[in-house]
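Just so it is clear, the values below take in all heavy atoms, side chains as well, and ignore hydrogens, waters and symmetry mates. Computed from a predicted structure; not experimentally measured. Convention: sequence-line order gives letters A, B, ...; per-chain numbering from 1.
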Number of protein chains: 2
Amino acid sequence: MSGGLVAVPAPAGQQTVRRHNRALVLGYVAEAEPVSRARVAEHTGLTRGTVSSLVDDLIAAGMLTELSAVRGATGRPASPLQLNRSGPAGLGLEIGVEHVGASVVDLSGTVRVSRRVASDHRDQPPDVGLGAAARLAADVVAGAGLPVAGACVALPGLVDAAGVLRRAPNLPRWDDVDAPERLSALLATPVRAANEADLAALAELWFGDVPADFVHVSADVGIGAGIVLGGALFRGPGGCAGELGHVVVEPGGPACSCGGAGCLERVAGLDALLRAAGASDVEALVAHPGPALAVAAGSLRIALGAAVSLLDVRTVVLGGVYARLGEDLREAVAAELATMTPPVDVRIADPATGGALRAAAASVVRALISG
Amino acid sequence: MSGGLVAVPAPAGQQTVRRHNRALVLGYVAEAEPVSRARVAEHTGLTRGTVSSLVDDLIAAGMLTELSAVRGATGRPASPLQLNRSGPAGLGLEIGVEHVGASVVDLSGTVRVSRRVASDHRDQPPDVGLGAAARLAADVVAGAGLPVAGACVALPGLVDAAGVLRRAPNLPRWDDVDAPERLSALLATPVRAANEADLAALAELWFGDVPADFVHVSADVGIGAGIVLGGALFRGPGGCAGELGHVVVEPGGPACSCGGAGCLERVAGLDALLRAAGASDVEALVAHPGPALAVAAGSLRIALGAAVSLLDVRTVVLGGVYARLGEDLREAVAAELATMTPPVDVRIADPATGGALRAAAASVVRALISG
DNA sequence: ACTCCTTTGTTCAGGCATCGAACAAACACG
DNA sequence: CGTGTTTGTTCGATGCCTGAACAAAGGAGT
């Protein structure tokens, strides 16, 4: 059984304190490496003695390594601490409509191996995609030669709080698939699942240049939003927060599969944009967007305006197809949102972040470090 | 300086553990009183010895009292524990456009004294309202005869994370008023400030019959929403979340003071509803709503649909003027939202909760208990 | 070459909080 | 009146952090 939604109050003991402080030390090393025990003590507020004891634990657990002493400064040379590049690693998986991907990152977040292969799942049963992902994963893990501590799989649909894929618009045979359970049996490793749009938002947070509060829009045939608040993903009570695609932007507009009418997805999703531009595929749309730009900007003004008003975020990142439309769309959306108070900062997703696959792998080591 | 937004990592020691477990015990007594030490130990997972020690602290601090032993069952009779009705109390304040209110609740959440007097602030400087509130507060506190541990003031406008009233639509001279600082000087007690709509939502959570995740709409001239997630208020990164009134529900509709057009507030706020119904005041509107019902329901379908999609809540509570419109409006909105998946539960705010004033006072003792 | 100074990392007694078990208290029941 | 049951307290053991003293390892100046 996966963890409950509401934190059940648990008694605290000395072990609780130890865990907390161990994570505190590890977290500071992760963000300031290489760093000496003395600096860790200074920044965390712990005693040098306590830090030494905690570091001993962490080295024994394979999380940290000690470099050779560095000479040159006054006083006794420090022995710098670093995250162990050969320690527990994270496995990231991605199952898309027409591909699978797998990636291994070490404790420092560096990508060690990453592969992506075509694999059509549109009309196949889930076993095909799960099997392909598992084979690729085994391959990648063997190539990395690191002990894998856990995995996270990015899925193109609604993932509930328990990790079950409830519905994937483009994978009609994947309703209610418990991907984590199936994959953890195949890989002999604990596996979590997450929405691909959510992981894309985390990629932007961890590897891009954005503040700690923003909304990341992933546009494709469907439109989802990853919401980041206070540097953490906001998944909502049931894990389905950020369904931006079904916000109504055109009352009385075209009917949507969700039962509503005039949803953003229906008005400014990929299909609608292709139609507006008279284009047959994404490449043609990007080359000659024409009226599609205005359609997208006007619709996004309403949907993103609602998100900004309700969530009180001041930064919006455009991803997916919207990112492909580039600066022209960004400017148009920014102009539409310019009237709002407080002002909204509109950006294009950074293409160098590595996307959902990298974030999936990184989420595993992040959980290791902060847990 | 008030507390930062992001939790700065702090080292944990034995005192941390003590605080945590003390709050754990106190919290369980609060929800199960009267209750014996043995039952507290059983439910918290702590040892009976530890619970005894913690309870000694709490009795010495005036938070708990021990009742006389109850006889009748087998075994040694328990000495039941209860929240101390004479212990630290919470002071709630409310500053409205045309009134002030003050209320004292004891540790158990029971209202001990509550008063509300007319006081027009519409075109007055802040000192008038603050002074009136302070005088009423002194009066009420004297009448209650309890030691006041702190206060919380409900304000009809945007309160930022530091507690400053940024903007109040109906109090033009109250921009950027640091009400907590002014009031704490007048009352010699720490004072927090909160949005009135947020507190109304908490009143529903604590004293009404709603799940732990919902959106509470406070409709008046302006429209705000209190968002409750996981049993806690969601205020957003800057403290201004839930600005439902400026969600666009009618693209190209009437211009709004926020710079947009077709905002919910402009289309289905009190002024618009009065106009739609041809009524001159709220009483007339409630008596003969006429087309105002359809206008409100259609607009709320869009705005609440957006909130539900983005936040993943399944319950919506209608308050303020919308609550006055009663079951007719509830049914109309529920019908509009019936097409959504998952289904949305639409309710009317419970008039017996005591509203923002009671929630303000209760928030103080709740903070005492869980802190 | 030698001494002084600075900084680093370890060691050890002290204090604090929890746990587990033993023990005393209080009452019902037969 | 003795037995059984439940409650609440007491006490030693354990674990963890703190603070200070101490050893280690180099640079700087004479």
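- Using a 4.0 Å cut-off, some side-chain N or O of B:Thr50 falls inside it from OP1 or OP2 of C:dC19.
- Judged by distance alone, the side chains of B:Ser363 and B:Arg192 do bring a donor and an acceptor atom under 3.5 Å apart.
- The CG atom of B:Leu24 sits 11 Å away from the P atom of C:dT18 (whole-angstrom rounding).
- Not a single donor-acceptor pair, N or O on each side, falls under 3.5 Å between the base of C:dT7 and the side chain of A:Arg76.
- A salt bridge does not link B:Asp312 with A:Arg235: every distance from a Lys NZ or Arg NE/NH1/NH2 to an Asp or Glu carboxylate oxygen is 4.0 Å or more.
- Atom CD of B:Gln15 is separated from atom P of D:dC16 by 18 Å (rounded to the nearest Å).
- Here A:Asn21 does not reach the OP1 or OP2 of D:dC16: none of its side-chain N or O atoms lies under 4.0 Å away.
- A donor atom on one side chain and an acceptor atom on the other are found under 3.5 Å apart for A:Glu66 and A:Ser79.
- Nucleic acid contact for A:Ser79: sugar-phosphate only, since backbone atoms but no base atoms lie under 4.0 Å from a heavy atom of the residue.
- Look at CG on B:Asp56: it is 12 Å from P on D:dG8, rounded to the nearest Å.
- For B:Arg39 and B:Thr44, the side-chain atoms include no donor-acceptor pair closer than 3.5 Å.
- Nucleic acid contact class of B:Ser53 (heavy atoms, under 4.0 Å, all strands): none.
- Look at CZ on B:Arg39: it is 10 Å from C1' on D:dT6, rounded to the nearest Å.
- When rounded to the nearest whole Å, the span between CG of A:Leu81 and C1' of C:dT8 equals 12 Å.
- Within 4.0 Å (heavy atoms only), A:Arg48 reaches at least one base atom of the nucleic acid.
- Nucleotides of DNA chain D nearest to A:Pro77 and A:Leu54 differ in position, and the one nearer the 5' end is that of A:Leu54.
- Which of D:dT7, C:dC19, D:dT18 sits closest to the side chain of B:Ala38 comes down to D:dT7.
- Counting to the nearest Å, the P atom of D:dT7 and the NE2 atom of B:His43 are 12 Å from each other.
- Counting to the nearest Å, the C1' atom of D:dG15 and the CG atom of A:Asp57 are 12 Å from each other.
- Between D:dT9 and B:Arg37, a contact under 4.0 Å exists linking OP1 or OP2 to a side-chain N or O.
- Just one of A:Leu233, A:Ile227, A:Val159 meets the side-chain contact (heavy atoms from CB on, under 4.5 Å) condition when paired with A:Asp198; it is A:Leu233.
- Taking atom CG on A:Leu67 and atom P on C:dT8, their separation rounds to 16 Å, with Å as the unit.
- Both B:Thr74 and B:Val17 sit near DNA chain C, but only B:Val17 has its closest nucleotide nearer the 5' end.
- No hydrogens or angles were tested; on distance alone, nothing pairs the side chain of A:Gln14 with the base of D:dC16 as donor and acceptor under 3.5 Å.
- For the OP1/OP2 pair of D:dC17 and a distance below 4.0 Å, the side-chain nitrogens and oxygens of A:Arg18 include at least one atom meeting the criterion.
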